[in-house]
Amino acid sequence: MLRNLREKLVRTRQAFRKFEDLFKSGKSREEVLDDLAEAMILADIGVGPTDKIIEAIRAKTRKDDPPDVLKKALRDEIAALLVRFEAPFAAGSGPSVVLMVGVNGGGKTTSLAKLARRARDEGRKVMMAAADTFRAAAQEQLSIWGRRLGVPVVKGTYGADPASVVFDALQAFKAQKADLLLVDTAGRVHTNANLMNELEKVKRVVAREVPGAPQEILLVLDATIGQNAVVQAREFFKFSGITGIFLTKLDGTAKGGTVIGIADELGLPIKFVGIGEGEEDIVEFDAGDFAEALLS
Ligand SMILES: Nc1nc2c(ncn2[C@@H]2O[C@H](COP(=O)(O)OP(=O)(O)OP(=O)(O)O)[C@@H](O)[C@H]2O)c(=O)[nH]1
Ligand SMILES: [Mg+2]
């Protein structure tokens, strides 16, 4: 898994390789830390988390420590910052419902399929609900995933009330005693009050039909937009109850440092990362692995 992550993070690792050069430079600690701070901000880590990490390295090292000590301190600090935002997938066992939310094109439907495959392979009885009734091709897109994965999909019709699709899916979920219901929703921006209200309604229906659900409401964020993902996520906080982040498209982007900024600035756990378009391209987030993959 770590090797896989390391390979997929190749572009971010290239961005981080500039860090390696800093540690080779034979400069003083202060010069290294100044250059490092600049490089971290360029790598989309964000100003706040960068300052915190630099201060922590300064506090834990001595003035005349050689670069490799500073480098190890950097890796440790990144892991220490991220580990606070590790949290297990709350829908990992027992009858559970998961909602995927986020802006258009972030990767909700693909990430949902990845979760479905993962749960199916664990031997769980999985169902998917196509509650994106807003985009014309959304129902068909999820049906294709369903056929490919052998996972049943409860569909709605274009323009229908998403809460009614979810209601139907919940009846099927209960009748068939399934373990996991994954609900795909339409892409939305926070300024679209209608769509945000729809989401609240979906959540209410789920909570009413299955006590304790939804176990997870995952905000799907696209890593390629870097620090803008933080801005986007804040806007989504108007919709209550987000339990974690599914950060997509970490393959092919140099902005993997965004992970650090998102976790620290939002205070939300990163539950999964997406590292490709295929159904297997999902990694459960692990702070140590991530720091290691970036800086090894
Ligand atoms: N490289 C890469 N592409 C991804 C990843 N996740 C999703 N994608 C791609 O991103 C595009 C959009 O994915 P969707 O799953 O349709 O996104 P969505 O959020 O459901 O989009 P809407 O339903 O339109 O809001 C597709 O081309 C996916 O293949 C990922 O981890 N890596
Ligand atoms: Mg979709």
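Order of listing sets the numbers, starting from 1, for every ligand and every atom in it. Position 1 is the first residue of the sequence, and the numbers go up from there. Since the model is a prediction, treat every value here as computed from it, not as a measurement.
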Is [X] reaching over with its side chain to a backbone N or O of [Y], donor-acceptor style, under 3.5 angstrom?
X    : Y    : value
Q227 : D44  : yes
T248 : G106 : yes
K125 : Q176 : yes

Please report which non-hydrogen protein atom sits nearest to [atom], along with the residue it belongs to and the distance in Å to one decimal place.
atom                    : value
atom 1 (N) of ligand 1  : D251 OD2, 2.7 Å
atom 29 (O) of ligand 1 : E277 OE2, 2.6 Å
atom 31 (O) of ligand 1 : K249 N, 3.0 Å
atom 16 (O) of ligand 1 : Q141 NE2, 3.1 Å
atom 15 (O) of ligand 1 : T110 OG1, 2.6 Å

(message) With a heavy-atom distance limit of 4.0 Å, tell me whether I275 approaches ligand 1 through its side chain, its backbone, both, or neither.
(response)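 It is the backbone that gets close, since no side chain atom is under 4.0 Å.
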(request) Just let me know how K114 lines up against ligand 1, side chain, backbone, both or neither, with a heavy-atom cut-off below 4.0 Å. (result)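 Only the side chain of K114 comes within reach of ligand 1.
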(message) As an exercise, state the distance from CD of Q232 to CG of L221, rounded to the nearest 0.5 Å.
(response)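 Here the interatomic distance stands at 6.0 Å.
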Quick check: does [X] get an N/O under 3.5 Å from an N/O on ligand 1?
X    : answer
T109 : yes
R135 : yes
S111 : no
G274 : yes
K108 : yes
G106 : yes

(message) Taking the ring centre of each residue, are F272 and F89 less than 6.0 Å apart?
(response)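 Yes, they do, as the ring centres are separated by less than 6.0 Å.
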(request) Using a cut-off of 6.0 Å, state whether more than 12 heavy atoms not belonging to E200 lie near its atom CD. (result)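 Atom CD in E200 is crowded, with more than 12 foreign heavy atoms closer than 6.0 Å.
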So does [X] pair up with [Y], basic N to acidic O under 4.0 Å?
X    : Y    : answer
D168 : K155 : no
R58  : E55  : yes
K72  : D68  : no
D132 : K108 : no
E284 : K114 : no

(message) Only heavy atoms of G187, strictly under 4.0 Å: list the atoms of ligand 1 that pass.
(response)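 Counting from 1, the qualifying ligand atoms are 25 (O).
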(message) I'd like to check which ligand 1 atoms, numbered from 1 as shown, lie under 4.0 Å from a non-hydrogen atom of D132.
(response)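 That gives atoms 23 (O) of ligand 1.
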(request) Flag T185 as yes if one of its N/O/S atoms falls below 2.8 Å of the Mg ion (ligand 2), otherwise no. (result)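 Of the N, O and S atoms in T185, none lies under 2.8 Å from the Mg ion (ligand 2), which means no.
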(message) For atom 12 (C) of ligand 1, which of the options G102, G105, G276 provides the nearest non-hydrogen atom?
(response)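 Among G102, G105, G276, the closest heavy atom to atom 12 (C) of ligand 1 belongs to G105.
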